[in-house]
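Everything on this sheet refers to the single structure shown next.
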Amino acid sequence: KGKQQNTLLWMHCTAMATRRASSVLSSLPSSGALLNRTSRTNAFLHGRCISTGQPKKVNVQSLVEADSGAVGTKFYHLSNTALLVAAPLALFLSPSPLTFPLDLFLGVAFPVHGHIGINYIISDYVPRASRPLARYVLLGATTVTVLGLLKLNLSGPGLTETYKSLWRAEKKEEA
């Protein structure tokens with residue numbers, strides 16, 4: 001509910017700021033003292049609801065708080081759909097040369113999808129004072145998981161074959 005209110009507030013502020021900026025921009029000179037439209041808009045909107053301009057860069061903080069940004073949320077939803085297709089496809093195609101790229105994708109997508117999802121849980125259930133520690137521990141666990149699955153995919157049988165081996169009967173040696 002809080003995120004929906006924030007989204008509505010952001011949409012309202014964006015609309016208001018765009019209207020204000022366009023009316024001010026039409027009265028400003030188009031060359032000379034001011035650099036470009038983006039810098040003029042940012043200067044006008046400074047201290048208001050939002051500022052327009054360059055998109056935010058991905059940094060360590062956005063990886064730690066993966067559930068707080070639009071990029072993380074979008075990746076979470078897209079990876080959900082991709083995993084629904086790629087996981088059964090990898091099991092169906094294994095063993096074949098097409099399994100290797102799917103294993104690499106799954107080895108990154110599963111841990112990152114889980115990382116973002118668990119960040120939502122941390123936001124909802126971990127006390128505010130403990131959240132930074134919990135998020136950094138989660139980032140460490142996600143990193144180790146990605147590296148472990150990468151090693152399995154590059155130097156081992158691969159994620160799909162390892163998974164399928166859990167259901168294969170062991171070969172009995174004849175004496």
Side-chain angles (χ1 to χ4, degrees), residues 1-11 13-14 18 38 42 50-173:
K1 185 176 180 179
K3 287 186 180 186
Q4 289 175 338
Q5 289 174 342
N6 287 342
T7 303
L8 291 174
L9 178 63
W10 180 81
M11 289 170 44
C13 289
T14 304
T18 304
T38 302
N42 283 339
I50 65 162
S51 66
T52 61
Q54 300 298 323
K56 287 186 176 180
K57 294 180 181 178
V58 176
N59 55 23
V60 175
Q61 195 62 28
S62 65
L63 294 174
V64 171
E65 295 177 5
D67 63 329
S68 63
V71 173
T73 302
K74 187 169 187 158
F75 181 82
Y76 182 75
H77 292 294
L78 289 174
S79 68
N80 189 35
T81 305
L83 288 170
L84 281 170
V85 173
L89 185 63
L91 289 171
F92 178 74
L93 292 175
S94 178
S96 77
L98 297 174
T99 307
F100 181 71
L102 285 171
D103 279 349
L104 289 176
F105 170 74
L106 293 173
V108 173
F110 273 128
V112 173
H113 180 78
H115 175 80
I116 297 169
I118 294 172
N119 264 290
Y120 283 116
I121 294 169
I122 289 172
S123 294
D124 289 344
Y125 296 107
V126 174
R128 192 172 299 274
S130 302
R131 284 183 195 163
L133 176 63
R135 291 181 192 274
Y136 279 106
V137 168
L138 176 61
L139 182 61
T142 302
T143 303
V144 169
T145 304
V146 168
L147 293 174
L149 291 175
L150 184 63
K151 181 177 182 350
L152 177 70
N153 287 328
L154 294 177
S155 63
L159 185 62
T160 307
E161 279 300 310
T162 303
Y163 183 74
K164 286 177 86 173
S165 71
L166 295 172
W167 283 272
R168 288 191 185 121
E170 291 184 26
K171 295 179 182 177
K172 295 183 181 181
E173 294 182 28

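For the numbers below, each heavy atom of this structure counts, side chains included, while hydrogens, waters and symmetry mates do not. Bear in mind that the values here come from a model prediction, so they are computed numbers and not experimental data.
- Under the 4.5 Å side-chain criterion, counting only non-hydrogen atoms from C-beta, Phe92 is not in contact with Thr160.
- With values rounded to the nearest 0.5 angstrom, Leu78 atom CG is found 11.0 Å from Thr73 atom OG1.
- We find the NZ-CD1 distance between Lys74 and Ile116 to be 13.0 Å, quoted to the nearest 0.5 Å.
- Here the closest heavy-atom approach between residue Arg131 and residue Val126 is recorded as NE-O, 3.0 Å.
- Note that the CD1 atom of Ile122 and the CZ atom of Arg128 stand 13.5 Å from one another [nearest 0.5 Å].
- The two residues Leu98 and Pro101 make their nearest non-hydrogen contact at O-CD, 3.3 Å.
- More than 12 non-hydrogen atoms from other residues, nucleotides or ligands lie less than 6.0 angstrom from CZ of Phe110.
- Scanning all heavy atoms of the two residues, the minimum distance from Ala109 to Leu83 falls at CB-CD2, 3.7 Å.
- The aromatic rings of His113 and Tyr76 sit parallel to each other, their planes meeting at less than 30°, with 60° as the upper class boundary.
- By the 4.5 Å heavy-atom criterion applied to side chains, Leu149 and Pro111 are counted as neighbours.
- Taking both residues in full, the closest heavy atoms of Lys164 and Ser94 are given as NZ-O, 3.0 Å, listed atom of the first, atom of the second, then distance.
- Of all heavy-atom pairs between Pro157 and Thr162, the closest is CG-OG1, 3.4 Å.
- Using modelled atom types, one side-chain atom of Ser79 and one backbone atom of Phe75 make a donor-acceptor pair closer than 3.5 Å.
- The structure places CZ of Phe100 at 12.0 Å from CG of Leu159, a figure rounded to the nearest 0.5 Å.
- For CZ of Arg168, the number of neighbouring non-hydrogen atoms (other residues, nucleotides, ligands) closer than 6.0 Å is greater than 12.
- Taken to the nearest 0.5 Å, the CG atom of Asp103 stands 4.5 Å off from the CG atom of Asn153.
- Here CG of Leu138 is found 9.5 Å from CD1 of Ile121. Values are rounded to the nearest 0.5 Å.
- Between Ala90 and Leu106, the shortest heavy-atom contact is CB-CD1, 3.8 Å.
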